[in-house]
**Student:** 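Handing you this structure, nothing more for now.
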Number of protein chains: 2
Amino acid sequence: MRPTVHDVAGEAGVSLATVDRVLNRRSGVRAETVARVNAAIMKLGYVRDISAANLAKQRVYNLLFIVPEGSNSFMLGLEKELGQAKLHALLDRTHLDIRKVKTFDADALATALENIDVAQVSGVALVATESQRVRQALTRLREAGIPVVTLVSDVSDPYRDHYVGIDNIAAGRTAASLIGRFSGRRFGKVALVAGSMLVKDHAERRAAFEQAIGEEFPGLECLPVLEGRDDAAVTRALLAELLDRERDIVGLYSIGAGNRGVIDVLTSKAEYREITVVAHELTEHSKQALRDGVFDAVINQDAGHEVRSAIRLLKARIDDTPVIANQEAIRIEIYVRDNLP
Amino acid sequence: MRPTVHDVAGEAGVSLATVDRVLNRRSGVRAETVARVNAAIMKLGYVRDISAANLAKQRVYNLLFIVPEGSNSFMLGLEKELGQAKLHALLDRTHLDIRKVKTFDADALATALENIDVAQVSGVALVATESQRVRQALTRLREAGIPVVTLVSDVSDPYRDHYVGIDNIAAGRTAASLIGRFSGRRFGKVALVAGSMLVKDHAERRAAFEQAIGEEFPGLECLPVLEGRDDAAVTRALLAELLDRERDIVGLYSIGAGNRGVIDVLTSKAEYREITVVAHELTEHSKQALRDGVFDAVINQDAGHEVRSAIRLLKARIDDTPVIANQEAIRIEIYVRDNLP
DNA sequence: CTGAAAGCGCTTACAG
DNA sequence: CTGAAAGCGCTTACAG
């Protein structure tokens, strides 16, 4: 049998209350007593039972998730996962509060962060848009001892405890590698379609992609990026015009969430089927495009994994328990038609 | 506040013991009383707190993992993950017992299964080698109410509760797709290197690979498979001889765990660098081969994820709690140099 | 600075 | 067929 607080108390010759004080590093215990208790803990190999502790404490975790208002399929998928996680979390005394703010609006995000009642919330996860006000709001939270993780989109390091998402530089390089190899040493141009260059993830992916193409596939030339604002109509118009104008496009990298517009254009003319296409985010649309051979590969981050990871990381910070680093690493997943989940 | 057994007891006008009996579907309660309690549960929206229940029950989970004796890097990786999971599991009253049996030896596996004391073990995970004796041993366990999951390598459906591993048919098709696309519509032959065609995973990957190549890349022709027995020296000798003999090999699919021998041969002559190579399982060797450009892609299953998933699935069966299907799906991961974790 | 007692939400003998 | 009481491993007022 694993030792309990009773065993430790007996071994150290003190009461349960004192063991508890030492265990929780509460003040008001003589140094000598602390030493005796710690010696007993070491001797018995005592390890605290956290679920019993949480039961006694009636601990509930109030986790706040701040996400952009349902715009594109990926964010909708993230919301769906949050909804599912919410039900499951309840079984673990964990309440998920999901708040939506205007997309890409740093001030709206900052306001949401500033309005957090630090007495009510035990941890915060946010899809970040960085700004000075956001950084200040995050600083207030962290000074109040509230753990903060960023989800999918990051802020600079000292303003959060952890980033839950993929390395967008590596993702851009991966896309370059796939397009370069799939297009089979051909010469030609590569079209880039993004949401907006003001979004950090998109900008990072694009820069890394262009650099990798330049370094490794000298036969390919990147065209100026189209900014479709994650809007199907805008994307469609811009891309149709580009494909019509440029005659030797062999590859296309869809950086953001404009997949629907991209698919529309690519399926509009038979000759476009020769273009090697790599896109981001696995959705019903992109899956279908893979099956139809319109897309050649999709780079994905698993929204369900990200949500669960954010919850685990926040709770681990709150309880001061260890995490399994490997389990929390978000993979840059590559899907082709054949390994679809 | 979430309702507790006390609230249910009060609402139904019965004692805690009776609520507990209904909750746990124990017999010896009048149908009318059962109905009253269930009505109260519905009315209050009561949901049992499982960690409190486990505390009261002093429930410990004794999970037995049966794995092949440390042979190849993948299995060594699996063991490492099991070791790490073992430490973490202890915090959750879960004991992992890891037992090794002779590799690919169905009788050794069956003996291990037959020796299980069903009173001591609460769940079993095994890397399966199928045989009649193994199926019988599994039937005994399941009839004793012990949940069984297969890990990495499966048995037929009715003999286990769940399979934790990748779809090897899809994995073989994925390999074909990658080699076909990476080799750029060239014509030529593809070498296949496996451990043994007696191993079901290898046989499935190979068959699916050959079929997909035949269907989709008519310019490529699969050579007879080399069986390297997952041994570096054997693999090296066979492959060196093959590459020396056949002059127009453009692709190589390393199906099993013989990566070290494959890498040795491929790096032995400059001309071999042109060969498009897809291998299985991410290890230090295969990662280095990707970085060096010796391998073009590696197909992987995440051993850590598999171990954690097996634990979650077994505990969910034991406690009769739901699982998140998505979280338990093992992905066919594709790695190129740029998305290495 | 320290301890005795009650309680967290469940389950388990035991008694009736 | 049903209930009162004690206990699982912790924590928390309260008293001293």
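Naming: A, B, ... by sequence-line order, numbering from 1 per chain. A quick note: this is a predicted structure, and the numbers were derived from the prediction, not measured.
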**Student:** Identify which one of B:I318, B:V149, B:I98 satisfies the side chain to side chain contact (heavy atoms under 4.5 Å, CB included) criterion when paired with B:L63.
**Tutor:** B:I318

**Student:** Looking for any heavy atom pair under 4.0 Å, which part of the strands does B:V8 touch: base, sugar-phosphate only, or nothing?
**Tutor:** nothing

**Student:** Assign each of B:Q58 and B:V14 to its nearest nucleotide of DNA chain D by heavy atoms, then name whichever residue's nucleotide is nearer the 5' end.
**Tutor:** B:V14

**Student:** Before accepting this row, confirm whether a basic side-chain N of the pair A:K86/A:D97 lies closer than 4.0 Å to the acidic partner's carboxylate O.
**Tutor:** no

**Student:** Which part of the nucleic acid, if any, lies within contact of B:R59, taking any heavy atom under 4.0 Å across all strands shown: a base, the sugar-phosphate backbone alone, or nothing?
**Tutor:** nothing

**Student:** Heavy atoms under 4.0 Å, any strand shown: does B:V5 hit a base, just sugar-phosphate, or nothing?
**Tutor:** base

**Student:** Does A:T33 have a side-chain nitrogen or oxygen under 4.0 Å from the phosphate oxygens OP1 or OP2 of C:dT2?
**Tutor:** yes

**Student:** Run the numbers on A:D157 and A:Y163 for side chain to side chain contact (heavy atoms under 4.5 Å, CB included), then give the verdict.
**Tutor:** CA-CA 9 Å; A:D157 189 349; A:Y163 165 57; over 6 Å; no

**Student:** Side chain of B:R21, base of D:dG3: donor and acceptor closer than 3.5 Å?
**Tutor:** yes

**Student:** Once you apply a heavy-atom cut-off of 4.0 Å, does A:V37 come out as touching a base, just sugar-phosphate, or nothing?
**Tutor:** nothing

**Student:** Determine the contact category for B:A17: base if any of its heavy atoms lies under 4.0 Å from a base atom, sugar-phosphate if only primed atoms, P, OP1 or OP2 are that close, otherwise nothing.
**Tutor:** base

**Student:** Should we say atom CG of A:N115 is surrounded by more than 12 heavy atoms from elsewhere, each under 6.0 Å from it?
**Tutor:** yes

**Student:** Any idea which of C:dC8, C:dC10, C:dA4 is nearest the B:A56 side chain?
**Tutor:** C:dC10

**Student:** Here's a test of your reading of the structure: between A:S51 and B:R30, which maps to the more 5' nucleotide of DNA chain D?
**Tutor:** B:R30

**Student:** State whether B:T18 places a side-chain N or O below 4.0 Å from either non-bridging phosphate oxygen (OP1 or OP2) of D:dG3.
**Tutor:** yes

**Student:** Would you kindly say whether A:S27 and A:R21 are connected by a side-chain donor-acceptor distance under 3.5 Å?
**Tutor:** no

**Student:** Starting at the 5' end of DNA chain D, what dot-bracket string do you get if Watson-Crick and G-U pairs under 3.5 Å are bracketed, crossing pairs use [ ], other-strand pairs use | and unpaired bases use dots?
**Tutor:** |||.||||||||.|||

**Student:** Could you tell me which non-hydrogen atom of B:R2 sits nearest to which non-hydrogen atom of A:L90, and how far apart they are?
**Tutor:** NH1-O, 2.9 Å

**Student:** Take the protein atom CG of B:D7 and the nucleotide atom C1' of C:dC8, then report the distance between them rounded to whole Å.
**Tutor:** 13 Å

**Student:** When the nearest nucleotide of DNA chain C is assigned to B:L55 and to B:R26 on a heavy-atom basis, which residue is associated with the more 5' position?
**Tutor:** B:L55

**Student:** Consider the side chain of A:D20, meaning its heavy atoms from C-beta on, and name the nucleotide among C:dC10, C:dC1, D:dT12 that approaches it most closely.
**Tutor:** D:dT12

**Student:** Would you tell me if any nitrogen or oxygen in the side chain of A:N24 comes within less than 4.0 Å of OP1 or OP2 on D:dT11?
**Tutor:** yes

**Student:** B:Y61 pairs by side-chain hydrogen bond (donor to acceptor under 3.5 Å, both in side chains) with which of B:T94, B:D319, B:D92?
**Tutor:** B:D319

**Student:** Could you work out which one of D:dC10, D:dT11, C:dC10 sits closest to the side chain of B:D49?
**Tutor:** C:dC10

